[in-house]
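Whatever order the structure lists ligands and atoms in, that order sets their numbers, starting from 1. These figures come from a predicted structure and were not determined experimentally.
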Amino acid sequence: MNHTIAEVAVVGGGPAGLTAAIALAGAGVETAVVAMPPAAHDNRTTALLASSVTALETLGVWARCADQAAPLRRMRIVDDTARLLRAPEVCFDASEIGLPAFAYNIENRHLLAALEARARDIPALTLIAARADDVAIGDSEVSISLGNGGRVTARLAIGADGRRSLCRATAGIETENRSYPQTALTFNLAHARPHGDTSTEFHTESGPFTLVPLPGLRSSLVCAVNPADAPRLTSLPDAELATEIERRSHSLLGKVAMEPGRGVFPLAVEIARYFGQNRIVLVGEAAHVMPPIGAQGLNLGLRDAATIGELVVAVRRDGGDVGSDDLTARYEHLRRADVGSRSLAVDLLNRSLLSDFLPLQGARGLGLYLLDQIGPLRRAVMREGVAPAASQPRLMRGEAL
Ligand SMILES: Cc1cc2nc3c(=O)[nH]c(=O)nc-3n(C[C@H](O)[C@H](O)[C@H](O)COP(=O)(O)OP(=O)(O)OC[C@H]3O[C@@H](n4cnc5c(N)ncnc54)[C@H](O)[C@@H]3O)c2cc1C
């Protein structure tokens, strides 16, 4: 039987898990990643905020995929509802806060390929292509049984195993859940007119309809719809779906052609009650699932990965136990406010779109109006969006661990 002994084991080879593993192993921590191949083809893209890109640059990942990413230099919000109180159109420009771009949009498959290639280059990182079948927590270590008959033991396990996390269940951590009457559909498109490095978010009665630039004459679309409409839309032939998308986007990008792959994601929030317990810490969607509104999900996941990397390296330097209760408590403390405040902001924005309650629509319109009119407020909001003041782990500041 193959038995791997590491200081830290990461369960899950998605973007959050691989980033944590690269951060740790790159700093010399013996790290094993147990990575089961993803079940389904993922056509999603991720808008990585500037601070996430800085972290990936620092880890030697970004150079391997930067060519596949498109900058988001401007963000436009358009109230596309037919309601009595409508918000003014607002446009944010990254140059106003001295940045070349707010974020870079990349297809998940390219980001994962770059992370995997970097992971393979690090001697302290062992990649194990297997499924974790069972996780057993002992006094001084965690033992993970693998589907291929192997086993991994480590002082700390990082649960990066997504929304149905085995690690989370093993640690006895429950989640708080909220679902929305919406389904997110994801498509990638080719189009006739240039996007001008501008993402456009149409606010509709069923939620945001967001076009995000990809390199060239291409964009990704995340479209929140009523769940009853989702099957009809996703089963339309390519040409009819393209016409429908062109109509909903008011021909902003001209004629549209569909690329292969259609994603369907019920919208929900799911947040773990604890981010760490019993020698297990949670990162990425194992810790928090966010609706795809405002590009928060993986950006939070990367801040989780950078934070746990920083804590483990510091504890190890001082000769401490990297799986101690003290470390999990510090991780919890550092991550809770960031995740809580982002999920609240996403929730409020989404509810203000869905609600027919006039004062709430008025408040959203007023908020956008003030952002449009008051330069210092707009710049403060932009800065906070790109790099949250309360959560800037070292990697996000471009400092190695
Ligand atoms: C439509 C949509 C659009 C989005 N857009 C954005 C965006 O623009 N910006 C942003 O920041 N975020 C965005 N997100 C969120 C982002 O996609 C997620 O946060 C991110 O993909 C989660 O990464 P992860 O590594 O935590 O989990 P996952 O990608 O789910 O990875 C988990 C991995 O663990 C593996 N695994 C599970 N169980 C086991 C096991 N027992 N043993 C071994 N391996 C296991 C799985 O196979 C998988 O590979 C979006 C989400 C959606 C739905």
Side-chain angles (χ1 to χ4, degrees), residues 9-21 32-40 42-49 51-53 69-70 72 75 102-109 111-112 115-116 127-135 144-148 150 152 157-170 182-188 199 201 207-208 210-214 220-225 261-270 272 282-305 339 342 346 385:
V10 178
V11 180
L18 285 175
T19 303
V33 180
V34 179
M36 178 174 86
D42 186 0
N43 80 331
R44 274 177 299 173
T45 68
T46 298
L48 292 167
L49 296 175
S51 52
S52 297
V53 170
L72 271 66
M75 290 180 355
F102 291 115
Y104 292 80
N105 192 36
I106 184 165
E107 289 169 73
N108 286 8
R109 63 193 173 105
L111 176 61
L112 266 180
L115 285 162
E116 283 165 5
L127 272 173
I128 304 168
R131 174 195 160 92
D133 273 347
D134 185 59
V135 178
I144 301 163
S145 310
L146 308 182
N148 64 8
V152 177
I158 297 181
D161 43 353
R163 48 181 74 196
R164 303 272 71 86
S165 169
L166 170 70
C167 291
R168 189 177 66 213
T170 305
Q182 292 159 293
T183 298
L185 306 181
T186 58
F187 308 104
N188 293 333
S199 82
E201 185 162 306
T210 310
L211 290 160
V212 191
L214 283 170
S220 57
L221 169 64
V222 180
C223 171
V225 298
R262 298 172 181 199
V264 180
F265 301 87
L267 249 61
V269 172
E270 189 169 356
L282 306 175
V283 301
E285 287 204 332
H288 42 74
V289 177
M290 298 271 161
I293 295 172
Q296 294 302 321
L298 184 56
N299 286 290
L300 280 171
L302 296 185
R303 295 205 285 278
D304 299 340
V339 173
R342 304 279 143 174
V346 166

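- Once rounded to the nearest 0.5 Å, the distance linking CZ of Arg163 with CD of Glu270 reads 7.5 Å.
- Ranking protein heavy atoms by distance to atom 3 (C) of ligand 1, first place goes to Pro292 CB, 3.4 Å.
- Distance from atom 28 (P) of ligand 1 to its nearest protein heavy atom, with residue and atom name: Gly14 CA, 4.4 Å.
- Atoms of ligand 1 found under 4.0 Å from any heavy atom of Gln296 (numbered from 1 in listed order, with element): 11 (O).
- Not one N or O on the side chain of Asn188 forms a donor-acceptor pair closer than 3.5 Å with the backbone of Gly261.
- Between Arg44 and ligand 1, a contact under 3.5 Å exists for at least one N or O pair.
- Here the CZ-CG distance, from Arg131 to Asn148, works out to 12.0 Å after rounding to the nearest 0.5 Å.
- Every atom of ligand 1 is numbered from 1 in the order shown, and the set under 4.0 Å from a heavy atom of Ala130 is 43 (C).
- Going from atom CD1 of Ile106 over to atom OG1 of Thr46 covers 8.5 Å, rounded to the nearest 0.5 Å.
- In this structure, atom 14 (N) of ligand 1 is not in close contact with the protein, since no protein heavy atom lies within 4.0 Å of it.
- Residue-ligand proximity: Ala160 is placed with a non-hydrogen atom under 4.0 Å from ligand 1.
- The shortest N/O to N/O separation between Ala132 and ligand 1 falls below 3.5 Å.
- Remark: ligand 1 atoms within the under-4.0 Å shell around heavy atoms of Gly284 are 26 (O).
- For the ligand labelled ligand 1, residue Gly263 lies outside the 4.0 Å heavy-atom shell.
- If you check which protein heavy atom lies closest to atom 34 (O) of ligand 1, you get Gly12 CA, 3.3 Å.
- The shortest contact between atom 10 (C) of ligand 1 and any protein heavy atom is with Leu298 N, 3.3 Å.
- Listed by atom number, the atoms of ligand 1 under 4.0 Å from Gly297 heavy atoms are 10 (C), 11 (O), 12 (N), 15 (C), 19 (O).
- Note on ligand 1: Thr45 sits in its first shell, one or more heavy atoms being nearer than 4.0 Å.
- Closest protein heavy atom to atom 30 (O) of ligand 1: Gly162 CA, 4.0 Å.
- Cys223 contributes atom SG, which lies 5.5 Å from atom CG of Leu185 (distance to the nearest 0.5 angstrom).
- Using a 4.0 Å cut-off to heavy atoms of Val34, the atoms of ligand 1 that qualify are 43 (C), 44 (N).
- Put simply, the side chain of Pro213 reaches to within 4.5 Å of the side chain of Leu72, judged on heavy atoms.
- A donor-acceptor pair shorter than 3.5 Å cannot be found between the side chains of Asp133 and Ser145.
- Heavy-atom contacts of Thr46 reach the following atoms of ligand 1: 7 (C), 8 (O), 9 (N), 10 (C), 11 (O) (cutoff under 4.0 Å).
- One finds the CZ atom of Arg109 at 10.5 Å from the CG atom of Asp42 (value rounded to the nearest 0.5 Å).
- Between Ala16 and ligand 1, an N or O atom pair is found at a separation short of 3.5 Å.
- Asp161 places a side-chain N or O within 3.5 Å of a backbone atom of Cys167 that can act as its donor or acceptor partner.
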Salt bridge (Lys or Arg N to Asp or Glu O under 4.0 Å) between Arg168 and Glu285: does it pass, once the steps are laid out? CA-CA 11 Å; Arg168 189 177 66 213; Glu285 287 204 332; over 6 Å; no
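- Between Pro291 and ligand 1 there is no heavy-atom distance shorter than 4.0 Å.
- Atom numbering of ligand 1 starts at 1 in the shown order; those under 4.0 Å from a heavy atom of Ala47 are 7 (C), 8 (O), 9 (N).
- When only non-hydrogen protein atoms are considered, atom 1 (C) of ligand 1 lies nearest to Thr186 CG2, 3.1 Å.
- At the shortest separation from atom 22 (C) of ligand 1 among protein heavy atoms lies Glu285 CG, 3.4 Å.
- Heavy-atom distances between Pro37 and ligand 1 reach below 4.0 Å in at least one pair.
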Which donor-acceptor pairs under 3.5 Å do the side chains of residues 291-302 make with protein atoms, sequence neighbours left out?
{"residue": "Gln296", "atom": "NE2", "partner": "Gly294", "partner atom": "O", "Å": "2.9"}
{"residue": "Asn299", "atom": "OD1", "partner": "Leu49", "partner atom": "N", "Å": "2.9"}
{"residue": "Asn299", "atom": "OD1", "partner": "Ser52", "partner atom": "OG", "Å": "2.6"}
{"residue": "Asn299", "atom": "ND2", "partner": "Ala47", "partner atom": "O", "Å": "2.9"}
{"residue": "Asn299", "atom": "ND2", "partner": "Ala295", "partner atom": "O", "Å": "2.9"}

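- Counting heavy atoms from C-beta outward, Leu115 and Pro15 have side chains that approach closer than 4.5 Å.
- Rounded to the nearest 0.5 angstrom, Leu267 CG and Thr183 OG1 are separated by 7.5 Å.
- Of the protein's non-hydrogen atoms, Met36 O, 4.1 Å is the one closest to atom 46 (C) of ligand 1.
- Partners of Asp304 according to the salt bridge (Lys or Arg N to Asp or Glu O under 4.0 Å) rule, which considers only residues two or more places apart in sequence or in another chain, are Arg335.
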